[in-house]
Amino acid sequence: MPKGKGPQGKRITLKVAKNSVRVAFNGRRRLDLSKMGIATFPKCILELADVEELDLSRNFLRKIPNIIEKFQNLMWLDLHSNQLDELPAEIGTLKNLTYLNLCNNKLTTEGLPEELTHLKNLRTLNLGLNCLETVPTTLGKLRELIELGLFDNSLTLIPKSVKKLPKLERLNVKRNPLPEFEKEDEPIDTVKRIESLYLVEKKDLCSSCLETCQGERDELHKLEEMTPVPSNKPSFSSLTTPNSTAMDNQEEWRIR
């Protein structure tokens, strides 16, 4: 193996590529070369450049050549889980693209060409699990974007031009060092919780404790009236439920 070069990967022949063409559920022809051990973009697939979908995910690709511009019919391109650190400017010529998955690569901010913003029909863009430190403000030109994945990067800021994309419905920025996510407020537990519950007869309570218990019971009844309950609910009319006001000499009434 020549010095400085990585593994060559599996060689894809035109016959193998032709046998990998499938008709997707939407009627489009998909060239599926995922998980094929490919390390170099197979030039032979230029013979199939009229497909609408191309899946090269889960391989060892380090570079997408400029000949990607030959795939002018592409509407769906999946390149996730490779070793890409940059994209060619020619990717911006794929004007029919609506879906582009670049997740789990080694893309840097500098590796994203400005021409990416030429994909005016793009609806889904996944840039998660990369090495992005900033998001180009020019992505705000992708006015048709519905879903944008930016999770698991090194982002400290999401540009307003991206946040305010008119059709954006799902923006995933999880696991980034964004200031607004550093100190999230702990959820407030509005349920009052007790460790012990005592049952006593009314006659064993002082007047102030009895008044307190009756007030709390009235509040409970108001809540019960708002929520339908079974009519066969047992009733213990001679018992009340204070939290800690049972008399010390009435141990027989205590239930922990």
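Worth knowing before you read on, the calculation uses all heavy atoms, side chains too, and leaves out hydrogens, waters and symmetry mates.
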Nearest-0.5 Å distance that lies between atom [atom1] in [X] and atom [atom2] in [Y]:
X    : Y    : atom1 : atom2 : result
D78  : C103 : CG    : SG    : 9.0 Å
S20  : M36  : OG    : CE    : 4.5 Å
M75  : L94  : CE    : CG    : 12.5 Å
I68  : L87  : CD1   : CG    : 10.0 Å
L125 : L145 : CG    : CG    : 6.0 Å
I38  : N82  : CD1   : CG    : 8.5 Å

Practice problem: Return the set of residues passing side chain to side chain donor-acceptor pair (under 3.5 Å) with S154 (not counting sequence neighbours), or none when no residue passes. | Solution: none

Exercise. Could you tell me which residues satisfy side chain to side chain donor-acceptor pair (under 3.5 Å) with T93, sequence neighbours excluded, listed by chain and number?
Key: Q72

When you measure from the side chain of [X] to the backbone of [Y], do you find a donor-acceptor pair of N or O atoms at a distance under 3.5 Å?
X   : Y   : result
R22 : N19 : yes
N59 : L33 : yes
R29 : D50 : yes

Exercise. Kindly indicate, with the supporting measurements, whether the criterion side chain to side chain contact (heavy atoms under 4.5 Å, CB included) is fulfilled by Y99 and L122.
Key: CA-CA 6 Å; Y99 175 95; L122 202 61; 5.7 Å; no

Exercise. For the residue pair I45 and L31, establish whether any side-chain heavy-atom pair is separated by less than 4.5 Å.
Key: yes

Quiz item: Given side chains that start at C-beta, do those of T98 and T124 come closer than 4.5 Å, heavy atoms only?
Solution: no

Practice problem: Kindly state each residue pair satisfying ring pair (Phe, Tyr, Trp, His ring centres under 6.0 Å) with at least one member in residues 9-50, sequence neighbours excluded. | Solution: none

Tell me which pairs pass salt bridge (Lys or Arg N to Asp or Glu O under 4.0 Å) where either residue lies in [range], with sequence neighbours left out.
range            : value
residues 89-115  : none
residues 150-168 : E144-K167, D152-R175, K163-E180
residues 117-127 : none

Quiz item: Is any NZ, NE, NH1 or NH2 atom of the basic residue among E52 and R28 found under 4.0 Å from an Asp or Glu carboxylate oxygen of the other?
Solution: no

Practice problem: Decide, yes or no, whether a salt bridge links K63 with D85 under the criterion of side-chain N to carboxylate O below 4.0 Å. | Solution: no

Practice problem: Start with the C-alpha gap between F151 and L129, add the side-chain angles, then the distance that decides, and say whether side chain to side chain contact (heavy atoms under 4.5 Å, CB included) holds. | Solution: CA-CA 6 Å; F151 54 91; L129 281 166; 4.0 Å; yes

Practice problem: Starting from the C-alpha separation in whole Å, work towards a yes-or-no answer on side chain to side chain contact (heavy atoms under 4.5 Å, CB included) for L79 and L84. | Solution: CA-CA 9 Å; L79 297 170; L84 305 174; 4.2 Å; yes

Exercise. Before giving the answer on side chain to side chain contact (heavy atoms under 4.5 Å, CB included), spell out for L77 and N101 the whole-Å C-alpha distance, their side-chain angles and the decisive distance to 0.1 Å.
Key: CA-CA 7 Å; L77 178 58; N101 190 351; over 6 Å; no

Exercise. Apply the test side-chain hydrogen bond (donor to acceptor under 3.5 Å, both in side chains) to residues E147 and N126: give CA-CA distance (whole Å), side-chain angles for both, the deciding distance (0.1 Å), then the verdict.
Key: CA-CA 8 Å; E147 184 172 6; N126 192 345; over 6 Å; no

Self-check item: Shortest non-hydrogen contact from L150 toward N176
Solution: O-ND2, 2.9 Å

